[in-house]
Amino acid sequence: MPNRRRTAAGLTAAVAVAGATVLTAAPAAQATVVDVNYACVTKIGPKDAVSPVDIKAVKSGSGYTITMSFDKGVSDSPIELGKGVMTPRAELVLGGAASGTVKVKGTPNTAAIPPDTPIKIGTLTGTFTPTKNGKVTFTAGTLIVHALGMDAAECKPKNNPAPSLELEVTGLSGGDADPPAGNDDGDDDGSGSELPKTGPLDSAMALGTLGGTVLLTGAAGVLWLTRRTAR
């Protein structure tokens, strides 16, 4: 009978460790490449372009370094743009546990851009410093292409894109997010775009809860074995 008690206790401990491991492995950020349909106002008239947008976050000190990249150009120029004359900048719209925008900026073009060729935007970088814990979403906002000493193109998303990044902010002292009003999956951040489900994090929580249930069952089994032995 002691062997059975040790086996039950070992199984209980293993399940508890497994549940904790699943929770620890849950990703802190989820990035999704989102197609953004930009409507651009340029010096040569309106232009439309669709570009896949990727937003990522890397922890840096008390904040995060945010990068925004484009897979396709969003506008073009009727004349050649020489090396170093074009610099892009953009705003990322925050949602969830944060509000407002994050400004990101690119570097000047390293090579000349031929005329009537989509302008390759490259990677834009900025900084986000959270003020409270919780899920924060990042959605592509206005993009400005500054070229030849002026804002040559202003592009705004017209397809109400979904967030490209969902970041789970944790560990801030006294920075707990406000409790949610409910558990409806359709809650939004007030901007009209639906927040995506957490996905893997939800699954991790479910597995963690399952681990807790099995843990309680294992403990009950140990008690039952103990009582049976006492008889």
Residue pairs, two or more places apart or on separate chains, that pass disulfide bond (SG atoms under 2.5 Å apart) and touch residues 89-138: none
Nearest atoms (heavy-atom pairs only) where Thr107 meets Pro88: O-CD, 3.9 Å
Close side-chain approach of Thr139 and Pro161, heavy atoms under 4.5 Å: yes
Heavy-atom side-chain contact between Phe128 and Leu92 under 4.5 Å: no
Test item: Val36 and Ser51 side chains (from C-beta on) under 4.5 Å apart, heavy atoms: no
Sequence neighbours excluded, every pair satisfying disulfide bond (SG atoms under 2.5 Å apart) that has a member inside residues 39-112: Cys40-Cys155
Side-chain heavy-atom pair Val104, Thr125 within 4.5 angstrom cut-off: no
Validation row: Leu172, Thr131 side chains within 4.5 angstrom (heavy atoms): no
Distance (rounded to the nearest 0.5 Å) between Ile113 CD1 and Lys83 NZ: 12.5 Å
Side-chain (Thr32) to main-chain (Val34) donor-acceptor, under 3.5 angstrom: no
Value rounded to 0.5 Å, distance of NE2 in His146 from OG1 in Thr87: 6.5 Å
ILVMFWY cluster, Val145 and Ile79 together (side-chain gap under 4.5 Å): yes
Residue pair Pro78 / Pro115: nearest heavy atoms and the distance that separates them: O-CB, 3.4 Å
Under 3.5 Å donor-acceptor, Lys59 side chain and Gly61 backbone: yes
Sequence-distant partners of Lys120, salt bridge (charged side-chain N to carboxylate O under 4.0 Å, His left out), two or more places apart: none
Contact summary for Gly63 and Pro130, nearest pair of heavy atoms: CA-CD, 4.1 Å
Those residues that, when tested against Asp54, pass side chain to side chain donor-acceptor pair (under 3.5 Å) (two or more places apart): Lys56
Side-chain donor/acceptor of Asp151 to backbone N/O of Ala153, under 3.5 Å: no
Any residue meeting side chain to side chain donor-acceptor pair (under 3.5 Å) with Asn159, in chain and number order, not counting sequence neighbours: none
With sequence neighbours excluded, residues passing side chain to side chain contact (heavy atoms under 4.5 Å, CB included) with Lys103: Glu91
Joint cluster assignment, Leu148 & Ile119, ILVMFWY side-chain distance < 4.5 Å: yes
Inter-residue atom distance Leu94.CG - Leu167.CG, 0.5 Å rounding: 10.0 Å
Ile144 side chain reached by Glu154 side chain, heavy atoms, under 4.5 Å: yes
Which atom of Pro157 lies closest to which atom of Thr142, heavy atoms considered: CD-N, 4.3 Å
Distance in Å, Ile121 CD1 paired with Lys72 NZ, rounded so as to fall on 0.5 Å steps: 14.0 Å
Any Met68 side-chain heavy atom under 4.5 Å of Leu165 side chain: no
Pair Tyr38-Asp48, side chain to side chain contact (heavy atoms under 4.5 Å, CB included): steps then yes or no: CA-CA 6 Å; Tyr38 283 101; Asp48 287 349; over 6 Å; no
Gap separating the CZ atom of Phe138 from the OH atom of Tyr64, nearest 0.5 angstrom: 8.5 Å
Gap separating the CG atom of Leu124 from the OG1 atom of Thr67, nearest 0.5 angstrom: 9.5 Å
Contact check, side chains of Pro52 and Asp35, non-hydrogen atoms, under 4.5 Å: yes
